[in-house]
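Below: one structure, written as structure tokens.
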Amino acid sequence: MDSGRATSAGGAGFGSAGAAAGRGAFADYHLDPRFHDELFQPDGSTRNACRKLGAALGRIPPDELTALQEGVHRRFLHEGITFTVLGAREVSEHIIPIDCVPRIITAAEWDHIEAGLKQRLTAMNLFLRDIYHGGASLKDGVVPSDLVLGCPQYRVEMRGVRVPHDIYVAVGGTDVVRVGDGFAVLEDNLRVPSGVSYMLACRAATKRSLPELYREQGVREVSSYAEVLYSTLASLSVGASSPRVAVLTPGRYNSAYYEHAFLAGEMGVDLVEGRDLVVHNAMLYARTASGLKRVDVVYRRIDDDFLDPVTFREDSVLGAPGLFHAYRAGNVVMGNAPGTGVADDKSVYAYLPRIIRYFLGEEPILANVETHLCRDPEGLEYTLDNLEDLVVKEVGGSGGYGMLVGPHASAREREEYAVRLRGDPANFISQPVLPLSRAGCFVDGSLQPRHVDLRPFTLQGRDGQNVVPGGLCRVALREGSLVVNSSQGGGCKDLWVLRAQG
Amino acid sequence: MLARVAADFYWLGRYIERIEHTARLLRHQLTGLVDTPADEVALGWRVLYRALGQSAPDAPADLDEAEAFLIADAYTLAGNLVENETNPDSMVSCWEMARENAMQLRPQLPLRVWTCLNRGFLWIRACEFPTAWKVGPAALVSEGIDRLRLLSGIVDATMPRDNAWRFLELGRFVERLQHQTVLLDIWNRFGRTRTEDPSLSWADLLRVCGAFELYCRRHTMTVRRTDVVKCLVRDPEVPRSLRFAIHHIDEMLVGIDPLGSRYPLGRPQRKLLHLAAAVEADVALQGKTAPEPEQAEGASESVFQQLARDGRALHDVIMASYVDYPVAEGLPS
């Protein structure tokens, strides 16, 4: 279907200050009926919640928007808001491209998303507790036991381990997309979800760039994230009255290092590396300038494999020897717990609706995306037969690496991928190419629509759950691209969750 | 504070001081290029490189040091200290190392400190040295010094006086102590005592150390070696005197580890007291005349060399006490 430029015809009622797709500042904004547009209605008029934003964007001259955008980029460069890319020969720092136009979510939409996220995280924590303690859900056939037990992220070492407050996942990041008029979960990130620092950096940038509009729109704040995160982590502690919390990072060369440092700084806790930690008598200590000090809670931003060379990968130099021993002994708490990755495996994802029904007796609030498991013969056959229409992903993959976007791949790439699929079908799932919604972005000197997704963060502490009203809104900045990952040319923008009116 | 973080602050301070030291020496040398006789320029480069513990770049191994600096061109010698990323002690390399340390310290470092340091690094990395050379290289180095002073001001204004700041300052003053002892030793060897030519002017040493005006006010414009040494060793009001550095190191150590200053003394404090005693006893040193350069080369260790050695030992003791201590020593009692 051709994308057509929306005209002002049928756009009655915009008023003199009203913005319209295809007109004025939005002359390059071409609506496409295949995709939900976050800013405009199908007739080209601005959506109710976006009227002020549309009008403001329409008033700002393009050179001023360019200057705003450049100002944001310069600030990110000077403040070192970067992500690291490890090349074959060198390490390079990159600035995540920021789009200065915010995306708006209404209060009612957010309430729906928030309820869905909380439901999902509750079910996942119950599921994780179950699979490491008896596995009733596996026996009842909710999820095939071989799928769970054969999952690389399933940690046998966690069997029978008493996890404080049964909170396996304290911090979850969920990728939510809008397809058509509804929201769906694309994937869950339960190991070391990242991106929250960019959420806060984007917010700071748009507050500076569009202060009046921000004030007028009635946007819910996200600045309390670090405080809520600290309370959540501290609440996981067992016994310590004022627990010492530390953020465990793989180090300076990790792509998310900025975020680790940012969060530690905001929370006022130590940012530790494995070399800073010592385990003695099953207690975890940090090496300080004035001797060894007990650590009670570790917010680990390091994969299970590298946590402890004694228990997991013995060649790991990133973790602390004996850390898991201290954890099993109950002398330190880790958020998230080791072994949570099994719940965000892309194959297990397909069973989340069943998991929710089984553990909570409720229908899922947020839908899943149709998923074909290639471990099933019919799933594999369907995937191979429809490769040019599907997105195929590795079950343990992330960052957009190792996936095939069928419609955008060449015949040769599809053939090569099919060989990989047949060789190890259990390692893949496939999903239809989703018509991700599009939001207004300032690209190449004009306002244009680009595909977006959203990653909100859900926190689970001893005293309950908390979803900060916002999230990392990722943008596929290349025209027509559906891949939003920063490692694949994606950028991000601020997400404004509006306060309920009245 | 984490031991590694303490070490990073300490090294951040050292690198900042190292860049400024290099820049000060360079600015003096580059400013003098216009009207200084060639043999004195060559001696200036020789002294500068020696003060930084480096040898002439690309010089054949069998070439005499003095000759190597006579045949080397100023552009190469200056560029090696400013923009050569393969030289670990060049300004750009030190700035990069300072930034690397600061990168590890993001949670503890005020945003403005980081931004100023980062902007300085981005500036020096983007500098076109050949262009700067044409318009006046001293201006480039001066801007570097200005940026470092801005950084010092921001550190001063934004950092709380906690252990992070103390380790940063500790690093700065340990670095300064080491550089100043080496500088004094070199001037003691090559400083002008009679009329031999070429030689180093003691007034220039005061200028490099930013102490010329103060010296003139305290003494006269007639610069005497004994008074210069006294000024740069014992004067507590001269920021680049050994005594000033030792006093600041002492203050930082007391803040970091108050118990270390009580009986029994901590190892860093003991080492520092030893250094302070040596500086106090410089009466003997004042009476000495400077040795001839040729004699000095083969002579036994000078007072300043001893001080330099003690300065290096102080660094080792600080690292062993606060950073690399054995686990058994660090366990809570």
Side-chain angles (χ1 to χ4, degrees), chain A residues 74-82 84 90-91 93 95 197 201 204 226 244-249 251-254 256-281 283 285-295 299 320-322, chain B residues 1-10 96 99-123 125-126 162-164 166-167 170 252-253 255-260 266 268 318-333:
Chain A
R74 200 165 39 246
R75 187 175 280 268
F76 272 45
L77 177 69
H78 291 161
E79 292 184 3
I81 303 173
T82 55
T84 310
E90 59 176 16
V91 179
E93 286 172 38
I95 299 171
S197 60
R244 189 182 181 112
V245 178
V247 178
L248 175 59
T249 174
R252 151 90 180 81
Y253 297 110
N254 183 269
Y257 178 76
Y258 165 73
E259 174 153 311
H260 307 161
F262 174 83
L263 289 175
E266 289 288 301
M267 291 193 287
V269 303
D270 287 329
L271 177 67
V272 298
E273 297 178 18
R275 58 188 163 140
D276 298 319
L277 299 174
V278 175
V279 177
H280 183 78
N281 279 347
M283 305 279 190
Y285 295 94
R287 285 182 73 100
T288 75
S290 49
L292 302 182
K293 305 283 184 203
R294 271 285 298 273
V295 178
Y299 178 35
Chain B
M1 166 178 280
L2 288 177
R4 176 178 53 81
V5 170
D8 284 332
F9 268 111
Y10 175 82
E96 185 172 11
R99 182 176 178 271
E100 279 294 311
N101 280 282
M103 187 85 85
Q104 308 269 8
L105 300 169
R106 292 296 298 270
Q108 287 86 6
L109 213 55
L111 179 61
R112 294 210 175 279
V113 175
W114 159 261
T115 307
C116 183
L117 182 66
N118 192 35
R119 290 180 75 164
F121 170 70
L122 296 172
W123 163 78
R125 197 179 57 176
D162 57 2
N163 276 354
R166 291 192 188 102
F167 273 105
L170 185 64
M252 298 307 119
L253 288 176
I256 289 165
D257 179 14
L259 291 178
I318 287 170
M319 287 288 115
S321 300
Y322 302 121
V323 181
D324 301 324
Y325 55 82
V327 168
E329 279 183 21
L331 282 169
S333 54

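Below, chain A is the first sequence line, B the second, and so on; all start at residue 1.
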Quick one: are the ring centres of Tyr322(B) and Tyr10(B) less than 6.0 Å apart? no
Turns out that what part of Val323(B) lies under 4.5 Å from chain A's heavy atoms comes down to backbone
Region of Glu266(A) that comes under 4.5 Å of a non-hydrogen atom in chain B: neither
Interface moiety of Leu263(A) toward chain B, non-hydrogen atoms closer than 4.5 Å: neither
Side chain, backbone, both or neither of Leu331(B) within contact of chain A (heavy atoms, under 4.5 Å): both
Picking from Ala289(A), Gly265(A), Gly291(A), which has the most non-hydrogen pairs under 4.5 angstrom with chain B? Ala289(A)
Counting only N and O atoms by type, is there a donor-acceptor contact under 3.5 Å from the side chain of Asp276(A) to the main-chain atoms of Glu273(A)? yes
Option in Asp257(B), Leu111(B), Leu109(B) with maximal non-hydrogen atom pairs under 4.5 Å from chain A: Leu111(B)
With a 4.5 angstrom heavy-atom cut-off, is it the side chain or the backbone of His78(A) that approaches chain B, or both, or neither? both
I'd like to know if the side chain of Tyr258(A) reaches the main chain of Gly80(A), judged simply by a donor and an acceptor atom lying under 3.5 Å from each other, with no hydrogens or angles considered. no
The reported gap from CG in Asp162(B) to CZ in Phe167(B) (rounded to nearest 0.5 angstrom) is 10.5 Å
For Ser197(A), does its backbone N or O pair with a side-chain atom of Glu259(A) as donor and acceptor, under 3.5 Å? yes
I'd like to know if the side chain of Tyr285(A) reaches the main chain of Val327(B), judged simply by a donor and an acceptor atom lying under 3.5 Å from each other, with no hydrogens or angles considered. no
Here the side-chain hydrogen bond (donor to acceptor under 3.5 Å, both in side chains) pairs for residues 110-121 of chain B, sequence neighbours left out, are Arg99(B)-Asn118(B)
Among residues at least two apart in sequence or on other chains, which ones pass salt bridge (charged side-chain N to carboxylate O under 4.0 Å, His left out) with Glu79(A)? Arg75(A)
Side chain / backbone / both / neither for Phe262(A) at chain B, heavy atoms under 4.5 Å: neither
Arg275(A) portion near chain B, given a 4.5 angstrom heavy-atom threshold: side chain
Look at Met1(B), Glu329(B), Gln108(B), Met103(B) and state which one has the largest set of heavy-atom pairs under 4.5 Å with chain A. Met103(B)
Is it the side chain or the backbone of Val272(A) that comes within 4.5 Å of chain B heavy atoms, both, or neither? both
